[in-house]
Amino acid sequence: MSGGHGDYTVAELVTAIGGEFDDITAAAGETEGTITLTATPGFAREFLGWYEITDGGAVTNVKMLALGGDAKVMVSNTVFHMISATKGGTIQIGKSANNCRFDAVDGAQVQFGATAKETCAVGDVGGNSNTLYVAGEKTRFSMVGLDADGYLNVGQNGSYNQIIFTDQATADVPYLAAGGQRKGQGNNVVTCVCNRVTIEKGAKVTSTNLAVAQRHSDDKNKATYLTSTICSNVFEVIDGGIVEASALYCGTVRPSFHNVFRVSGEGSTATFSGKELNVGSHGSWGNLLEVVNGGSLAAATCNINIGNSISVPGCSNNVVRLDGCVFTTSSKTINIGGYTNANNRLWIGTGSDITYSAVYFRGFGSELLLSNGTLRVTSNLNCQEGQDYQSCGSRFTFVGESPSLLISGGNGGSFRRGSVLRFAPTGSGECWTTAPLTSSNVKLNFEEDTEFEFDFSAIGQEGCKANLIAGSKELGVSDALVAK
């Protein structure tokens, strides 16, 4: 069906679609109002629940559009203007409802007000399996006010909801989140599982903050009840998608686990211009930031924090994986672990060459894994920063044919309180020709309880210990391990 040609006020649109939905609210003659659409069972069966607004018209002055009960709307080659005198406009796609969908395609222009908070929620307050789909080279989804309190979110206390930007569509949104707490939930029990944001196929999204499983910034209490389930939510930039934002928060509400932010594929790019990339905090575990398969991450001004929660213990097994990717050099700091947190990891894989100023290891079992990747530390590498952090058993794992940790400048490298260095060459059957751990004009300090582990089974040789560590200054380690 089609809304036809021409411009529509709220009242005119209500008249045009009257009788085809159960609940439509807007008084005749209103210039602004609320449209609530719920597909009738018969209409849903006959037309698959779709109402199409198309043919170059415009719908103006919509204060709220609420889709519930299988309602589906397609805006095509049309301006759809969400505006209110007191708010920037609201779209609710499946609030406490399932299987609702809003599509903006083929040159649609969805515009929100520029002077007040704009909100768009997909699958909110228990809504499941709802979709926002934005596609097409000339299609734009613009929350132009970019108000600090505005947001576009999917699955805030809902599950199996999705937002898709594809086929060169563009979007300007404020806070963009997949899964987590909605504003005002505080300590309420929430369930949000398997929600997804996808940016793909040349689509470009500009935002302030990106989040996967994060509490709303207005909620002062950072923890939810432990009976909440916030897991397996995914934010992905794939197949040439582009996103630009200030900061990233992945798995930063308690308890949240197995949430993912992923950049994958040639031409896929995430650019961050703020201060932080955060993966795992406030008691969350098993969260992942990965840049793989030729994806690109630019974060020249950002610290990377991996399980780096100080105020709330229990952050564990959070991972940043940079494998076969392009990563912009940073002059900032990587923090791995914190407080009583355990087994958080930075994984640098084949083809990835990363430079950071400083790397700090805290907590138990924090790990740097170099699997044919390179990490260059231009200032300090330290397994303990100050007296407030107890570092026990930090691990440094060198595997593959050409892993490399190069430390230069500052105070060099300090391996303390039970640090473990594991060397496991693989591949050609030869010993490493270049030492995997190298210092340049700085000292390396190994405390007495530092452990060294060796696994030469993959190359069938046990005589490779003599070329593992190299440097031009004092190394503080057995000569048997030092490159001659």
Legend entry - Minimum side-chain heavy-atom gap F396-C383 below 4.5 Å: yes

Legend entry - Expected output: side-chain S352 to main-chain G324 donor-acceptor under 3.5 Å: yes

Legend entry - Pairwise distance OG1(T208) to OH(Y151) - rounded to 0.5 angstrom: 13.5 Å

Legend entry - Value rounded to 0.5 Å, distance of OG1 in T301 from CD in E276: 10.5 Å

Inset, instruction - Specify the closest pair of heavy atoms between S284 and S256, including all atoms of both residues, with the distance to one decimal. - result: CB-O, 3.0 Å

Inset, instruction - For residues L322 and W347, determine if any side-chain heavy atom of one lies less than 4.5 Å from a side-chain heavy atom of the other. - result: no

Legend entry - L152 and L132, any side-chain heavy atoms less than 4.5 Å apart: yes

Legend entry - Expected output: side-chain S394 to main-chain F361 donor-acceptor under 3.5 Å: no

Inset, instruction - Return yes if some donor-acceptor pair links the side-chain N/O of T78 with the main-chain N/O of S76 below 3.5 Å, else return no. - result: yes

Legend entry - Main-chain N/O of M143 paired to D172 side chain as donor or acceptor, under 3.5 Å: no

Inset, instruction - Indicate yes or no for a side-chain donor-acceptor contact from N98 to the backbone of G127 under 3.5 Å, with no hydrogens or angles considered. - result: no

Inset, instruction - Would you tell me whether S264 and N293 have side-chain atoms, one donor and one acceptor, within less than 3.5 Å of each other? - result: yes

Legend entry - side chain to side chain contact (heavy atoms under 4.5 Å, CB included) assessment of T131 paired with I93: CA-CA 7 Å; T131 299; I93 306 170; over 6 Å; no

Legend entry - Full working for side chain to side chain contact (heavy atoms under 4.5 Å, CB included) between V359 and L368: CA-CA 10 Å; V359 180; L368 169 63; over 6 Å; no

Inset, instruction - Drop me the distance from R262's CZ to I238's CD1, to the nearest 0.5 angstrom. - result: 8.5 Å

Inset, instruction - Ignoring hydrogens and angles, tell me if any N or O in the side chain of N303 forms a donor-acceptor pair with the backbone of T333 under 3.5 Å. - result: yes

Inset, instruction - Give a yes-or-no answer on whether the side chains of N335 and N305 include a donor-acceptor pair shorter than 3.5 Å. - result: yes

Legend entry - Side-chain touch N308/Y360, heavy atoms, less than 4.5 angstrom: no

Inset, instruction - Would you indicate whether the side-chain heavy atoms of D323 and E290 approach each other to under 4.5 Å? - result: no

Inset, instruction - Quick one: closest heavy-atom pair of N287 and H258, and the distance? - result: OD1-N, 3.5 Å

Legend entry - Value rounded to 0.5 Å, distance of CG in N344 from CZ in R362: 12.0 Å

Inset, instruction - Evaluate the side-chain proximity of V263 to F261: yes if any heavy-atom separation is below 4.5 Å, no if none is. - result: yes

Legend entry - Y356 and F327 aromatic ring geometry - parallel, tilted or perpendicular at 30°/60° bounds: tilted

Inset, instruction - Specify the closest pair of heavy atoms between R345 and L369, including all atoms of both residues, with the distance to one decimal. - result: NH1-CD2, 3.9 Å

Inset, instruction - For the residue pair D124 and Q92, establish whether any side-chain heavy-atom pair is separated by less than 4.5 Å. - result: no

In a table with atom names and distances, give each donor-acceptor pair under 3.5 Å that connects a side chain of residues 193-200 to protein atoms at least two apart or in another chain.
unit_1: N195; atom_1: OD1; unit_2: Y160; atom_2: N; d: 3.4
unit_1: N195; atom_1: OD1; unit_2: N161; atom_2: N; d: 3.0
unit_1: N195; atom_1: OD1; unit_2: N161; atom_2: ND2; d: 3.0
unit_1: N195; atom_1: ND2; unit_2: G158; atom_2: O; d: 2.8
unit_1: N195; atom_1: ND2; unit_2: N233; atom_2: OD1; d: 3.0
unit_1: R196; atom_1: NH1; unit_2: E236; atom_2: OE1; d: 3.2
unit_1: R196; atom_1: NH1; unit_2: E236; atom_2: OE2; d: 3.2
unit_1: T198; atom_1: OG1; unit_2: E236; atom_2: OE2; d: 2.7
unit_1: E200; atom_1: OE2; unit_2: T166; atom_2: OG1; d: 3.0

Inset, instruction - Answer whether the closest heavy-atom distance between the side chains of N157 and C192 falls below 4.5 Å. - result: no

Inset, instruction - Can you see which heavy atom on V291 is nearest to which on S296, and at what distance? - result: CG1-N, 3.9 Å

Inset, instruction - Look only at the side chain of N318 and the backbone of I306, and say whether a donor-acceptor pair between them is shorter than 3.5 Å. - result: no

Inset, instruction - Could you check whether the rings of F80 and F102 sit parallel, tilted or perpendicular, using 30° and 60° as the cut-offs? - result: perpendicular

Legend entry - Derivation of the side chain to side chain contact (heavy atoms under 4.5 Å, CB included) call for L176 and F235: CA-CA 10 Å; L176 175 55; F235 194 125; 3.7 Å; yes

Inset, instruction - Mind checking the CZ-CG spacing from R376 to L405? Nearest 0.5 Å is all I need. - result: 10.5 Å

Inset, instruction - Would you please test C250 and L289 for side chain to side chain contact (heavy atoms under 4.5 Å, CB included) and show each step? - result: CA-CA 8 Å; C250 179; L289 160 63; 5.7 Å; no

Inset, instruction - Looking only at non-hydrogen atoms, find the nearest pair between G295 and C325 and report the distance. - result: O-CB, 3.2 Å

Inset, instruction - Find the distance between CG (L297) and OG1 (T328) and round it off to the nearest 0.5 Å. - result: 7.0 Å

Legend entry - Contact summary for F165 and A171, nearest pair of heavy atoms: CE2-CB, 3.5 Å

